[in-house]
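Structure first, commentary second.
Keep in mind that what you see is a predicted model, and the values were worked out from it rather than measured. Chain letters run A, B, ... following the sequence lines, proteins first and then strands; every chain starts at 1.
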Amino acid sequence: MPELPEVETIKRSLEKSIVGKKITGIQILLAKQFQGRKEDVLGAKITAIERRGKILKISLSSGKNLLIHFKLTGQLVWVPKAGERATLGHPIPFAGSELPAKTTHVIFEIDGPPSPKASARQGGRLFFNDLRQFGWIKVVGELDEQMTRELGNLGVEPLIKEFTVEKLSSILQSSSRPVKLVLMDQEKIAGVGNIYANETLFEAGILPTRPAKKLSNEEIKKLREAIVKVLEDGLKYGGSSAADEAYIKPTGEAGEYQKHFRVYQRAGQPCPRCGTKIQRIELGGRGTFFCPRCQK
DNA sequence: CTGCGGTCCTGAAGGC
DNA sequence: TGCCTTCAGGACCGCA
């Protein structure tokens, strides 16, 4: 499921392939997943791509932005126009299957400007696929009501310097909820979901059920380092494409971070550190994995 | 503030 | 074989 490292990977990939190009067409195959007016998007140039928490923001020359939330199974796949693909040696689209797929719900047609550089002018199609249909694309203006609703309440970005021990400490001290739920609260820390919360707590040696405000200063310090390390690892491996996950990069390639899971979806298997069986419990309705010996 | 259950949705897995 | 039930999960909503 796209969390911070996955969305950041998507962002970096699309920056290379579609920034500077123009949206020349949109096909909306499932209306509920595209909220806004087509006219605000058609004919606009893509000027920038950013990420805030788990949300992707595509800025347009029209002054509007496309906000995209992938939720559990959303994907963006970029397929350059046939013919030019061979020239670039582009990887296989959509893990080998045909697009549009049954799960394709929105298609953007994108053309590049005249340019001496092949990759800069190459047009193609950007497919928004979403098996579970929980994701969404919203057209919003800078600082408008929708934009504020979606982005305004997000918490601190964990990979910027403002995410200090003091900041994390104040976040944790304000809640008696289990620390894992606080890590996953988007209004506290933006971008951490179930996978990275589980892996982070293993890395820090802290039980997911511990009341947030009861962590010691030493534990808070370790937790901050663990959050940063685990998210950066996720990013290094291009995100995680686990067995039950739909995440792929816009090139159609899988991420590799699932090969480095130490607790997530490893119930019953030995802890990589001490060999004790990894346990699974439910916390806030989510599968929660931990080593009962390494995590205190 | 906190937790709980329901909602959206589909494919996989399990039961018989 | 085939039908039926159960379940996972990000974010949100109503309720206790």
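Atom-to-atom, CH2 of W136(A) to C1' of dG9(C) comes out at 17 Å; the value is rounded to the nearest Å. Straight-line distance from the OH atom of Y247(A) to the C1' atom of dG9(C): 19 Å, rounded to whole Å.
Using a 4.0 Å cut-off between charged nitrogen and carboxylate oxygen, R52(A) and E150(A) do not count as a salt-bridge pair. Between K57(A) and E142(A) a salt bridge is recorded (basic side-chain N to carboxylate O distance below 4.0 Å). A salt bridge is absent between E219(A) and K296(A); no separation between the charged side-chain nitrogens and carboxylate oxygens falls under 4.0 Å. Remark: R12(A) engages E8(A) in a salt bridge, criterion side-chain N to carboxylate O under 4.0 Å. One finds a salt bridge joining K11(A) and E15(A) here, because a Lys/Arg side-chain nitrogen approaches an Asp/Glu carboxylate oxygen to under 4.0 Å.
No donor-acceptor pair closer than 3.5 Å links the side chain of R224(A) to the backbone N or O of V228(A).
Ring orientation note: the planes of Y264(A) and F261(A) are nearly perpendicular, at an angle over 60° on the 30°/60° scale.
A stacking contact between F134(A) and dG9(C) is absent: the pair does not combine a ring-centre distance of less than 5.5 Å to the base's six-membered ring with planes differing by less than 30°.
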Letter per nucleotide, 5' to 3', of nucleotides 11-16 of chain C [B base touched, S only sugar-phosphate touched, - untouched; heavy atoms, 4.0 Å]: B-S---

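Only one option out of K21(A), K81(A), R125(A) pairs with D111(A) in a salt bridge (Lys or Arg N to Asp or Glu O under 4.0 Å); it is K81(A).
Between chain A and DNA chain B, the heavy-atom contact criterion of under 4.0 Å yields a 5' to 3' nucleotide range of dT2(B) to dG11(B).
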